[in-house]
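Written out below as structure tokens is the structure these notes cover.
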Amino acid sequence: QGGGVKVNELRVANSLKPLDVVSVPLLPSDGKVDEQEEDKLSSSNLRMRELGTLRKPVQPKPHLSPYPYIIGLTGGIASGKSTIAKYLETLGAGLINCDQLGHRAYDVGTRGNQVVRELFGEDIALPDGSIDRKKLGAIVFSNKDEMNKLNQAIWPLILAQVKEEIARLSESHKVIVIEAAVLLSAKWQDQVHEIWVTFIPEQEVSH
Ligand SMILES: CC(C)(COP(=O)(O)OP(=O)(O)OC[C@H]1O[C@@H](n2cnc3c(N)ncnc32)[C@H](O)[C@@H]1O)[C@@H](O)C(=O)NCCC(=O)NCCS
Ligand SMILES: Nc1ncnc2c1ncn2[C@@H]1O[C@H](COP(=O)(O)OP(=O)(O)OP(=O)(O)O)[C@@H](O)[C@H]1O
């Protein structure tokens with residue numbers, strides 16, 4: 001009943017005619033496959049059953065050595081990447097966080113720092129020489145061309161750091177997770193054995 005009311009609210013908001021809401025007794029599930037599943041037939045159960053299944057078979061990556069096995073973890077902003085990455089770390093994976101590498105790419109005294117100043121002007125630096133990320137973010141998140149300019153300069157620096165981190169972590173880890181929102185747009189898919197994408201429904205985010 002509640003779901004039907006919600007659907008109608010959305011339909012009306014989108015200038016569609018509300019539908020009649022008819023309640024029927026709960027349809028029993030065809031048997032729970034997991035303790036956490038509900039007893040009724042539900043979309044949550046169906047989604048849960050998809051957990052851990054592959055969307056596409058993993059393609060062979062002959063140019064990568066089999067170990068460390070590298071998972072590229074990507075997805076939209078606030079879609080749960082870090083939460084999943086930290087969980088994988090508790091299972092023993094080595095983590096590479098590309099947001100952090102991106103920040104370090106223009107640390108004071110680096111070539112990246114100089115490049116960002118050349119591209120965006122001296123005003124982009126704080127008195128201590130560090131890049132004002134709030135200011136830079138305001139520029140690039142509101143202008144695609146500026147974002148492209150930053151990306152072209154910073155992505156190669158991040159990738160070089162990723163490769164160094166892989167070499168370092170491979171001494172102690174068999175599985176490495178690279179968390180990168182830009183994994184696909186930066187075309188880093190060849191760096192990883194498989195890609196995991198996190199997604200979250202829009203309405204869940206607004207909660
Ligand atoms: C734009 C910058 C200055 C904003 O810094 P700030 O500390 O305010 O935010 P933070 O880095 O935490 O990013 C906020 C969110 O935006 C995402 N994001 C960052 N850069 C990008 C980008 N180029 N394209 C798409 N999403 C991005 C992040 O993954 C995160 O989810 C900074 O993110 C940056 O220098 N980005 C360019 C380098 C890059 O691509 N980094 C992301 C590697 S995954
Ligand atoms: N399965 C989940 N259900 C509900 N909330 C979640 C879930 N996973 C993570 N969250 C919450 O959503 C928020 C964003 O999660 P997280 O920081 O892991 O996302 P992210 O993709 O790494 O974000 P960013 O784009 O900032 O890097 C956090 O407050 C987290 O606690």
Side-chain angles (χ1 to χ4, degrees), residues 50-107 109-120 124 130-131 133 136-200 205:
E50 283 202 72
L51 287 173
T53 59
L54 290 171
R55 293 267 150 198
K56 278 189 193 170
V58 175
Q59 303 295 318
K61 296 282 169 79
H63 61 286
L64 295 177
S65 42
Y67 290 102
Y69 193 81
I70 305 175
I71 297 168
L73 180 59
T74 192
I77 289 182
S79 57
K81 295 182 294 297
S82 303
T83 308
I84 291 172
K86 283 189 193 116
Y87 177 66
L88 294 172
E89 192 175 33
T90 67
L91 300 178
L95 283 196
I96 299 177
N97 179 315
C98 290
D99 281 336
Q100 285 169 11
L101 294 185
H103 299 163
R104 295 212 315 248
Y106 43 69
D107 267 352
T110 59
R111 171 81 190 119
N113 183 285
Q114 213 178 321
V115 169
V116 172
R117 284 153 178 260
E118 282 161 17
L119 289 174
F120 295 92
I124 209 66
S130 61
I131 299 301
R133 292 210 306 270
L136 183 56
I139 297 172
V140 298
F141 283 126
S142 63
N143 183 322
K144 230 173 133 194
D145 292 337
E146 298 291 338
M147 179 61 104
N148 282 337
K149 210 161 83 175
L150 178 66
N151 289 343
Q152 295 321 307
I154 299 301
W155 285 353
L157 302 176
I158 299 180
L159 183 57
Q161 286 302 310
V162 165
K163 288 181 177 170
E164 276 187 26
E165 280 291 282
I166 290 173
R168 191 180 66 78
L169 287 168
S170 65
E171 310 256 309
S172 46
H173 295 82
K174 280 199 161 161
V175 175
I176 291 176
V177 175
I178 303 179
E179 182 191 340
V182 305
L183 187 94
L184 299 175
S185 29
K187 301 197 166 56
W188 292 338
Q189 50 271 52
D190 281 350
Q191 310 298 325
V192 303
H193 291 90
E194 58 184 86
I195 297 174
W196 293 12
V197 183
T198 56
F199 64 93
I200 186 158
V205 180

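Here, residue 1 is the first one in the sequence, and each next residue gets the next number.
- Residues passing the side chain to side chain contact (heavy atoms under 4.5 Å, CB included) test with L136 are Y106, V116, F120, I124, I131, V140, L150, sequence neighbours excluded.
- Every residue meeting the side chain to side chain contact (heavy atoms under 4.5 Å, CB included) condition with K174, not counting sequence neighbours, appears here in chain and number order: Y67.
- Residues satisfying the side chain to side chain donor-acceptor pair (under 3.5 Å) criterion with S130, sequence neighbours excluded, are D128.
- In this structure the side chain of I178 reaches within 4.5 angstrom of the side chain of C98, judged on heavy atoms.
- With hydrogens and angles ignored, the 3.5 Å screen pairs a side-chain donor or acceptor of N97 with a backbone N or O of Q100.
- The salt bridge (charged side-chain N to carboxylate O under 4.0 Å, His left out) contacts involving residues 148-162 comprise E146-K149, where partners must be two or more places apart or lie in separate chains.
- Every salt bridge (Lys or Arg N to Asp or Glu O under 4.0 Å) that R117 has, sequence neighbours left out, goes to E122.
- Annotation: the span from I176 atom CD1 to L169 atom CG amounts to 4.5 Å, rounded to 0.5 Å.
- Residues passing the side chain to side chain donor-acceptor pair (under 3.5 Å) test with R104, sequence neighbours excluded: none.
- Taken to the nearest 0.5 Å, the CG atom of D190 stands 11.0 Å off from the CD atom of Q59.
- Using a 30° and 60° split on the angle between ring planes, H193 and Y69 fall in the parallel class, below 30°.
- Checked against side chain to side chain donor-acceptor pair (under 3.5 Å), E165 has the following partners two or more places apart in sequence or in another chain: R168.
- Legend: residues meeting side chain to side chain donor-acceptor pair (under 3.5 Å) with W196, ordered by chain and number and at least two apart, are E194.
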Check: residues 70-84 side-chain donor-acceptor pairs under 3.5 Å, at least two apart:
| unit_1 | atom_1 | unit_2 | atom_2 | d |
| --- | --- | --- | --- | --- |
| T74 | OG1 | A180 | O | 2.8 |
| T74 | OG1 | A181 | O | 3.2 |
| S79 | OG | G76 | N | 3.3 |
| S79 | OG | G76 | O | 2.6 |
| S79 | OG | T198 | OG1 | 2.7 |
| K81 | NZ | G75 | O | 3.3 |
| K81 | NZ | G76 | O | 2.8 |
| S82 | OG | E179 | OE2 | 2.9 |

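- The side-chain heavy atoms of L101 and I96, taken from C-beta on, include a pair separated by under 4.5 Å.
- Within the 4.5 Å cutoff, side-chain heavy atoms of Q189 are placed close to those of L184.
- Between the CD1 atom of I158 and the CH2 atom of W188 there is a distance of 4.5 Å, given to the nearest 0.5 Å.
- In terms of the side chain to side chain contact (heavy atoms under 4.5 Å, CB included) criterion, residue partners of Y87 (sequence neighbours excluded) are, by chain and number, T90, L91.
- Scored by the side chain to side chain contact (heavy atoms under 4.5 Å, CB included) test, E89 finds L95 as partners (sequence neighbours excluded).
- Applying the salt bridge (charged side-chain N to carboxylate O under 4.0 Å, His left out) test to every pair with at least one member in residues 54-72, sequence neighbours left out, gives these pairs: E50-R55.
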